[in-house]
There are 2 protein chains.
Amino acid sequence: MNGNSPDFPARLRAAGLRPTRQRVALARLLFESGHRHVTAEGLHVEVKATRMPVSLATVYNALNQFRDAGLLREVVVAPGRSYFDTNIGHHHHFFIEPDGELHDFPSDKVTIAGLPTPPKGTRLSRVDVIVRVRR
Amino acid sequence: MNGNSPDFPARLRAAGLRPTRQRVALARLLFESGHRHVTAEGLHVEVKATRMPVSLATVYNALNQFRDAGLLREVVVAPGRSYFDTNIGHHHHFFIEPDGELHDFPSDKVTIAGLPTPPKGTRLSRVDVIVRVRR
DNA sequence: GCAGTATTTAGAATTGTTCTAAACTTCTTG
DNA sequence: CAAGAAGTTTAGAACAATTCTAAATACTGC
Ligand SMILES: [Mn+2]
Ligand SMILES: [Mn+2]
Ligand SMILES: [Zn+2]
Ligand SMILES: [Zn+2]
């Protein structure tokens, strides 16, 4: 109904990943409600609160595999910690500096004009806009 | 002549920092030629090649102090490593993904229109544009 | 079910960075 | 310029985030 089929085993298989109990549990937390920005530690705390605890190494493995499979994207906004973003469509971010909170905003109303051409021998891969704000 | 007075002791004093031998050596490497993007490790290797080796802890201390004093800005583009940028004016970056190289481009020809207003209770602090490119 | 392969896990290891506390420098003041 | 006070440097330990290792366990296709 919302385009997000809740059949997580099938979605994982489609991404070339075996639907293990751990990956299904993590996928549920990540994808069953709206878009999210999580850190590995944060997701680990969440999944531990579940009937199916998962090791921190597995959380890191799964996040990296989901990212490599295109199910997540990685966002780097602060030194020392990676965020993983369940929103893989085009969009940009507000970053609230003191708390480390990330908020999406759609990129379709944002126009970026006048970007120079990429340096010789390189191809554009992605344009990230991070709007840093303070309280 | 170029606005970059080479009197590093004076520049450091003006920033509220004692012009120690180590800080002067680092300031020379950072500011005596054009704009640079350095990592702590990279700058440490450079300064060690000098007659005046400096401990890695001091390189970190100095980079953080220079940043806090407004002499440098910190750029976060890749997980696990901070870059320090001697260009403190308005500008944006190309990030060459496989090698981790950063290149400036001026922001005055770049127009960003249609940015949403910051979330309630926050004030805009800075807008970073990172153009990620691949070889 | 079994074999074969992928995955999970605890714990060790690695990496980037910060902390600690003792030694050393720089600055101030007389 | 001699102290003394305050700030800085340093080696090494500590820390935080992440990855690695290798042994145990779980999936998969037959
Ligand atoms: Mn990674
Ligand atoms: Mn820092
Ligand atoms: Zn997002
Ligand atoms: Zn720059």
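Lettering of chains follows the sequences in order, A, B, ..., and the numbering in each one begins at 1.
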Quick one: salt bridge (Lys or Arg N to Asp or Glu O under 4.0 Å) partners of A/Asp108, sequence neighbours excluded? none

Heavy-atom contacts, protein to nucleotides 23-30 of chain C, under 4.0 Å, summarised as B (base), S (sugar-phosphate only) or - (none) per nt, yield --SBS---

Which pairs, with at least one residue in residues 45-54 of chain A and sequence neighbours excluded, count as a side-chain hydrogen bond (donor to acceptor under 3.5 Å, both in side chains)? A/Arg36-A/Glu46

Got a sec, which pairs hit side-chain hydrogen bond (donor to acceptor under 3.5 Å, both in side chains) with one end in residues 94-103 of chain A, sequence neighbours left out? A/Asp99-A/Arg135, A/Glu101-A/His103

Any donor and acceptor pair, going by atom type alone, linking the side chain of B/Arg28 with main-chain N or O of B/Ala25 inside 3.5 Å? no

Would you say the side-chain atoms of A/Arg81 pair up with the backbone N or O of B/Gly80, donor to acceptor, closer than 3.5 Å? no

Sequence-distant partners of [X], side-chain hydrogen bond (donor to acceptor under 3.5 Å, both in side chains), two or more places apart:
| X | value |
| --- | --- |
| A/Thr122 | none |
| B/Arg23 | B/Gln65 |
| A/His44 | none |

Share the residues that join B/Val45 in a hydrophobic cluster, the rule being Ile, Leu, Val, Met, Phe, Trp or Tyr side chains under 4.5 Å apart at the heavy-atom level. none

So what does A/Thr39 touch, heavy atoms closer than 4.0 Å: a base, only the sugar-phosphate, or nothing? nothing

Nucleotide [N], atom [atom2] - distance to [atom1] of [X] in whole Å:
| X | N | atom1 | atom2 | answer |
| --- | --- | --- | --- | --- |
| A/Phe84 | D/dT18 | CZ | P | 7 Å |
| A/Leu17 | C/dT5 | CG | P | 19 Å |
| A/Leu26 | C/dT7 | CG | C1' | 13 Å |
| B/Asn64 | D/dT8 | CG | C1' | 15 Å |
| B/Gln65 | D/dG7 | CD | C1' | 10 Å |
| A/Tyr83 | D/dA17 | OH | P | 11 Å |

Could you work out which one of C/dT9, D/dT19, D/dT8 sits closest to the side chain of B/Arg23? D/dT8

Summary of ring-ring contact (aromatic ring centres under 6.0 Å, His included) pairs that have at least one residue in residues 108-135 of chain B, sequence neighbours excluded: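 As it turns out, there is no ring-ring contact (aromatic ring centres under 6.0 Å, His included) pair with a partner in residues 108-135 of chain B once direct neighbours are skipped.
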
Sub-3.5 Å pairs of nitrogen or oxygen atoms, protein against nucleotides 12-14 of chain C:
none

Please report the C-alpha distance between B/Phe94 and B/Phe105 in whole Å, then the side-chain angles of each, then the deciding distance to 0.1 Å, and finally whether the ring-ring contact (aromatic ring centres under 6.0 Å, His included) criterion is met. CA-CA 7 Å; B/Phe94 280 115; B/Phe105 63 83; 5.0 Å; yes

Using a 4.0 Å cut-off on heavy atoms, which residues in residues 47-60 of chain A reach DNA chain D? List them by number, or say none. A/Leu56, A/Ala57, A/Tyr60

Residue met sooner reading DNA chain C from 5', once B/Asn61 and A/Ala62 are mapped to nucleotides: A/Ala62

To the nearest 10 degrees, how far apart in direction are the end axes of the helix from C/dG1-D/dC30 to C/dG30-D/dC1, each fit to five base pairs?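 One end axis against the other gives 40°.
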
Cation-aromatic face contact A/Arg11/A/Phe31, 6.0 Å, 45 degrees: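 Yes.
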
Given side chains that start at C-beta, do those of B/Leu115 and A/Val110 come closer than 4.5 Å, heavy atoms only? yes

